[in-house]
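The structure under discussion appears below in the form of structure tokens.
Computed from heavy atoms alone, side chains included, the values below leave out hydrogens, waters and symmetry copies. Just so you know, residue 1 is the first one in the sequence shown, and it goes up from there.
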Amino acid sequence: MDEMPILIERRAGYRIVTLNRPQRLNACNEAMLRALRDALSEAETDDGCRALLLTGAGRGFCAGQDLADELAKAGETSALGGVLEAYYNPLVRKLRELPFPVVAAVNGVAAGAGANIALACDIVLAARSASFVQAFAKVGLIPDSGGTWFLPRLVGSARARGLALTAEPLPAEKAEAWGLIWKTFDDGALMTEAEKLCTEFAAAPTIGLALTKRALDESWGNDLETQLDLERELQRQASLTPDYAEGVRAFMEKRKPVFGGRTVRAKPGR
Ligand code: T3D
């Protein structure tokens, strides 16, 4: 029987999703893409899930599309557009929209769509031995899965073009120095640090974090006036959550706040 293409571990307040085709550096075949889609949807509908950790089994994070899979067949002009429409684009959208932080723990090479799936996560942590490769140029494709959107925004035009046009691997520490990712850790410490962060997120004011994700994402398309209006509206929503009341109360009482997360609902508008 085939191995499960992804593994899901349920922890207190968060889930770990592990891409699990280590013999192919966790390259995505159709079964994996479907399983990943279902895992994200399940996490979204579980109010007890307040963070998600995405990582890879073995020595790689994800080598992008499995080039040996039916999905990658060349020669049919509409085929790859259809694959993006059916799988990769919804995946990237979902990662951005999930109502809690998504942490990528990039344990090894992240190539092609695998690199850009990592960049679609809210926080990218990487092992010192990991690297990011916009491998598309080597096989005659363009960076997809949001690559052409994330790269220039994260590292600027010159570096985005260099990475995309040469497919040169970017080592994790340089990726951190360039602002492509959040932090790098020694290989042996990566998962401990990633889980520590998810544990913190699992006790955080989740609705406030979800609204923060939205404000940051929408800022790319907004001028300052529009963004100020958006901040006013989202802050109004945040201030109506019991977690805001608890945060202020806990501060005044000089104690640690106990946030309800996603199970708390905003009071009616005012
Ligand atoms: O449908 C569509 O195609 C549209 C969507 C496209 C999105 C994309 O992601 S296109 C880009 C696809 N990915 C790539 O082009 C990356 C291909 N892989 C590599 O360039 C290298 O493997 C790496 C730079 C990632 C790592 O190199 P290295 O030397 O550490 O490992 P390796 O020996 O190349 O790979 C190990 C094994 O994994 C090897 O299998 P083997 O020889 O031991 O049986 C290799 O063939 C396999 N593998 C790695 N990447 C893929 C793969 N098999 C299938 N597809 C892969 N993408």
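- Residue L40 is not grouped with residue Y14 when hydrophobic side chains (ILVMFWY) are merged at heavy-atom distances under 4.5 angstrom, including chains of intermediate members.
- Considering CG of L84 and CD of Q65, their distance stands at 9.0 Å, rounded to 0.5 Å.
- No side-chain heavy atom of T148 sits under 4.5 Å from any side-chain heavy atom of F136.
- Residues F100 and A43 approach most closely at CE2-O, 3.7 Å, considering heavy atoms.
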Steps toward side-chain contact (heavy atoms from CB on, under 4.5 Å) verdict (D243, I207): CA-CA 8 Å; D243 277 353; I207 294 174; 5.8 Å; no
Please assess F132 against L163 for the test side-chain contact (heavy atoms from CB on, under 4.5 Å), listing each intermediate value before the final yes or no. CA-CA 9 Å; F132 296 81; L163 293 171; over 6 Å; no
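- Both L33 and F61 are part of a single hydrophobic cluster, where members link through side-chain heavy atoms under 4.5 Å apart.
- Side chains of L209 and F259 form no contact here, defined as non-hydrogen atoms less than 4.5 Å apart.
- Although no hydrogens or angles enter the test, the distance criterion places no donor-acceptor pair under 3.5 Å between the side chain of D187 and the main chain of A127.
- Remark: E3 does not engage R21 in a salt bridge, criterion side-chain N to carboxylate O under 4.0 Å.
- Within 6.0 Å of the CD atom in E233, the count of heavy atoms belonging to other residues, nucleotides or ligands exceeds 12.
- Taking the side chain as every heavy atom from C-beta outward, T192 and K196 never approach each other to under 4.5 Å.
- Within the 3.5 Å criterion, the main-chain N or O of T184 finds a donor-acceptor partner in the side chain of E176.
- Around the CD atom of E218, the shell of radius 6.0 Å holds more than 12 heavy atoms that belong to other residues, nucleotides or ligands.
- Checked by atom type, the side-chain pair T226/D223 shows a donor-acceptor distance below 3.5 Å.
- In this structure, the separation between OG1 on T206 and CZ on R50 is 4.0 Å, given to the nearest 0.5 Å.
- Here the shortest heavy-atom pairing between Q227 and S219 reads OE1-CA, 3.2 Å.
- Connection of V109 to M32 is not established within any shared hydrophobic cluster, with ILVMFWY side chains joined at heavy-atom distances below 4.5 Å, either directly or through further cluster members.
- A 4.5 Å side-chain heavy-atom check between N107 and M191 finds every atom pair outside the cut-off.
- We find the CD-CG distance between E195 and L190 to be 10.0 Å, quoted to the nearest 0.5 Å.
- The side-chain heavy atoms of N116 and W149, taken from C-beta on, include no pair separated by under 4.5 Å.
- Distance OH/Y88 to SG/C28: 4.0 Å, rounded to 0.5 Å.
- For NZ of K174, the number of neighbouring non-hydrogen atoms (other residues, nucleotides, ligands) closer than 6.0 Å is 12 at most.
- Using a distance-only test at 3.5 Å, with no hydrogens or angles considered, no donor-acceptor pair links the side chain of D186 to the main chain of R128.
- The two atoms that bring N26 and G60 nearest to each other are ND2-O, 2.9 Å, heavy atoms only.
- Looking at E30 and R34, a side-chain N of the basic residue comes within less than 4.0 Å of a carboxylate O on the acidic one, giving a salt bridge.
- Proximity of L119 to L151: side-chain heavy atoms (C-beta onward) are separated by under 4.5 Å at one or more points.
- The two residues L36 and V17 come nearest to each other via the heavy atoms CD1-CG1, 3.8 Å.
- Residues L125 and L197 form a side-chain contact, since some pair of their non-hydrogen atoms from C-beta on lies under 4.5 Å apart.
- Residue E70 qualifies as open at atom CD: its count of foreign heavy atoms under 6.0 Å is 12 or below.
- Counting only heavy atoms from C-beta outward, the side chains of P99 and E44 approach each other to under 4.5 Å.
- Residues R214 and D217 are not paired through a salt bridge, judged by the lack of any N-O separation under 4.0 Å between the basic side chain and the carboxylate.
- For the residue pair R161/S157, the side-chain donor-acceptor check at 3.5 Å is satisfied.
- Hydrophobic clustering places V102 together with V92 (ILVMFWY residues linked when any side-chain heavy atoms are closer than 4.5 Å, directly or through intermediates).
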With side-chain contact (heavy atoms from CB on, under 4.5 Å) as the criterion, how do L19 and L54 come out once you've worked through the C-alpha distance, each side chain's angles and the decisive distance to 0.1 Å? CA-CA 8 Å; L19 306 175; L54 183 64; 4.1 Å; yes
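- Residues L95 and D122 share a closest heavy-atom pair of O-OD2, 4.5 Å.
- I8 CD1 to R15 CZ: the interatomic distance, rounded to the nearest 0.5 Å, is 7.0 Å.
- Look at D46 and R10 and you find no salt bridge, because none of the NZ, NE, NH1 or NH2 atoms lies under 4.0 Å from a carboxylate O.
- In this structure, L52 is not a member of the same hydrophobic cluster as I123, with clusters built from ILVMFWY side-chain heavy atoms closer than 4.5 Å.
- Of all heavy-atom pairs between I181 and A126, the closest is CD1-CB, 3.7 Å.
- For the atom pair OG1 (T55) and CD (E9), the distance works out to 10.0 Å, reported to the nearest 0.5 Å.
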